[in-house]
Student: 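I'd like to ask some things about the structure below.
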Amino acid sequence: MPLLVLGSIALDTVKTPFEEHAEILGGAASYAAVSASFFTTPHLVGIVGDDFPKEHLAFFEKCRIDLTGLQVVPGKTFRWSGEYLGDMNNRETHSTELNVFEHFSPTLPEAYQKADVVLLGNIAPDLQLHVLDQLEAPRFVVADTMNLWINIARPRLMELLRRIDMLLLNDSEAREITEETNLIKAGRRLREMGPAYVAIKKGEHGCLLFGEKTFFSCPAFPLENIHDPTGAGDAFAGALAGYLARHFGSQEISGNAEERAIDFKHLSRAVVYGSVMASFSVEAFSIDRLRTVTPETIKERFELFQRLSIF
Ligand code: AMP
């Protein structure tokens, strides 16, 4: 079952207290699509300039990511640069250059319009809504966002929240949108804004998943060496959505609303897979660690995570 993945495709410059790497493959959709590719076939929607290295396109193809919806146009690829400070829990953005993303208004290829599971990765809410408008009958729409859009595009973000099934965001973003300091209250408030499910990510402290009457608290996989936290949230989102797409694909689910409803237990498992893939992602700069991951190492880490987390 294919998964539609929208988001930035970037050349990132990232500095940590220990290392700095310039113009490396980044972007929300790159991390998400590569991570999702371990579970399903991602159909990528995005844009890059003619300066985008061909080897990155070749890598996407090697991951069997469908690139029909990827535009390569004259101009410069989206660029982002940031720096991690201290214990790497804090990040400062140095620059964001939208470049070719500035006027990106894609028309989805026909096959993409039929997508059942959709990940509207972090990008302007206008663009997320533009893609959502072109989908015929998606069964489950997951969206990610960031503080920038909360600050500069709040009304459009609110519109988006009313039309999605699940929102992913980090703890500071949840507090900012809801003006609640307590995350359980924030999760409840966010659900009232539209999505049936909300996952609040807390970095090295794990993630809270909110459903109708319950919530699930998932720890983070404990890691000793974190090289680059960039894209952890996107790798999480990609694995979660990819796992859901695989689930839908493995069942004969008709279009009626009751059968469409997804099981909270299953969604909790998707969050655990999200956490596993995020833990791989931060072990190297860019998506480099995801290049060496295999279905076997994912399974091993999932099982180790279970043993470490159950009392
Ligand atoms: P994360 O660490 O999950 O917040 O994701 C970081 C990735 O998001 C980087 O690879 C950036 O290229 C990308 N990114 C940063 N700022 C933006 C933005 N304003 N819109 C879209 N993507 C962004």
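Since the structure is predicted, the reported quantities are computational estimates derived from the model, not experimental observations. All heavy atoms count here, side chains included; hydrogens, waters and symmetry mates do not. Counting convention: from 1, in listed order, for ligands and their atoms alike.
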Student: Find all atoms of ligand 1 within a distance of less than 4.0 Å from any non-hydrogen atom belonging to Thr230, and give their numbers and elements.
Tutor: 2 (O), 6 (C), 9 (C), 10 (O)

Student: Show me the donor-acceptor pairs, under 3.5 Å and distance only, between side chains in residues 41-53 and residues at least two apart or in other chains.
Tutor:
residue : atom : partner : partner atom : Å
Asp50   : OD1  : Gly75   : N            : 3.4
Asp51   : OD1  : Thr77   : N            : 3.1
Asp51   : OD1  : Thr77   : OG1          : 2.6
Asp51   : OD2  : Thr77   : N            : 3.4
Asp51   : OD2  : Arg79   : NH1          : 2.9
Asp51   : OD2  : Arg79   : NH2          : 3.0

Student: So which atom in Asp12 and which in Gly26 form the shortest heavy-atom distance, rounded to 0.1 Å?
Tutor: OD2-CA, 3.4 Å

Student: Compute whether any side-chain donor of one residue and acceptor of the other, for Tyr31 and Ser286, lie under 3.5 angstrom apart.
Tutor: no

Student: I'd like to know if the side chain of Arg175 reaches the main chain of Thr181, judged simply by a donor and an acceptor atom lying under 3.5 Å from each other, with no hydrogens or angles considered.
Tutor: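 Yes.
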
Student: Could you tell me whether a side-chain N or O of Ser309 sits under 3.5 Å from a main-chain N or O of Gln306, the two making a donor and an acceptor?
Tutor: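 No, Ser309 side chain to Gln306 backbone: no donor-acceptor pair under 3.5 Å.
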
Student: With atom 20 (N) of ligand 1 as the reference point, say which of Tyr84, Trp149, Tyr31, Phe236 has the nearest heavy atom.
Tutor: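 When every heavy atom of Tyr84, Trp149, Tyr31, Phe236 is considered, Trp149 comes closest to atom 20 (N) of ligand 1.
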
Student: Which residue and atom name correspond to the protein heavy atom nearest atom 4 (O) of ligand 1, and how close is it?
Tutor: Arg91 NH2, 2.9 Å

Student: Considering the heavy atoms of Gly233, write down every atom of ligand 1 situated less than 4.0 Å from one of them.
Tutor: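 Counting from 1, the qualifying ligand atoms are 3 (O).
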
Student: Please list, in number order, the atoms of ligand 1 under 4.0 Å from a heavy atom of Asn122.
Tutor: 21 (C), 22 (N), 23 (C)

Student: Enumerate the atoms of ligand 1 whose separation from the nearest heavy atom of Ala10 is less than 4.0 angstrom.
Tutor: 12 (O)

Student: Taking Leu11 as the starting point, is it possible to reach Val73 by hopping between hydrophobic residues whose side chains are less than 4.5 Å apart?
Tutor: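 Same hydrophobic cluster.
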
Student: Among all protein heavy atoms, pick the one closest to atom 16 (N) of ligand 1 and tell me residue, atom and distance.
Tutor: Trp80 CD1, 3.5 Å

Student: What protein heavy atom is closest to atom 9 (C) of ligand 1, reported as residue, atom name and distance in Å?
Tutor: Asp12 OD2, 3.2 Å

Student: What I want to check is whether the side chains of Glu180 and Asn182 have a donor and an acceptor closer together than 3.5 Å.
Tutor: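 On atom types as modelled, these side chains do not qualify, holding no pair under 3.5 Å.
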
Student: To which protein heavy atom is atom 19 (N) of ligand 1 closest, and what is the distance rounded to 0.1 Å?
Tutor: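 Result for atom 19 (N) of ligand 1: Leu148 CD2, 3.4 Å.
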
Student: Sorted by first residue and then second, give each ring-ring contact (aromatic ring centres under 6.0 Å, His included) pair with at least one member in residues 280-306; sequence neighbours left out.
Tutor: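 Matches after skipping sequence neighbours: His21-Phe285, Phe221-Phe305, Tyr273-Phe302.
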
Student: Which of the numbered atoms in ligand 1 are below 4.0 angstrom from a heavy atom of Ser8?
Tutor: 13 (C), 21 (C), 22 (N), 23 (C)

Student: Quick one: look up the protein heavy atom nearest atom 8 (O) of ligand 1 and list residue, atom name and how far away it is.
Tutor: Ala28 N, 4.0 Å

Student: Any N or O on Thr96 sitting closer than 3.5 Å to an N or O of ligand 1?
Tutor: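 No, no N or O pair falls under 3.5 Å.
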
Student: When you compare ligand 1 with Phe78, is there at least one nitrogen or oxygen pair between them that comes in under 3.5 angstrom?
Tutor: no

Student: When you compare ligand 1 with Gly26, is there at least one nitrogen or oxygen pair between them that comes in under 3.5 angstrom?
Tutor: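 Between Gly26 and ligand 1 (N or O atoms, distance only) the closest approach is not under 3.5 Å.
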
Student: For the ring pair Tyr243 and His266, is the centre-to-centre distance below 6.0 Å?
Tutor: yes

Student: Show which atoms of ligand 1 fall inside a sub-4.0 Å distance from at least one heavy-atom site of Asp234.
Tutor: 1 (P), 3 (O), 5 (O), 6 (C), 7 (C)

Student: Among Asp165, Leu161, Val141, which one satisfies side chain to side chain contact (heavy atoms under 4.5 Å, CB included) with Pro195?
Tutor: Leu161

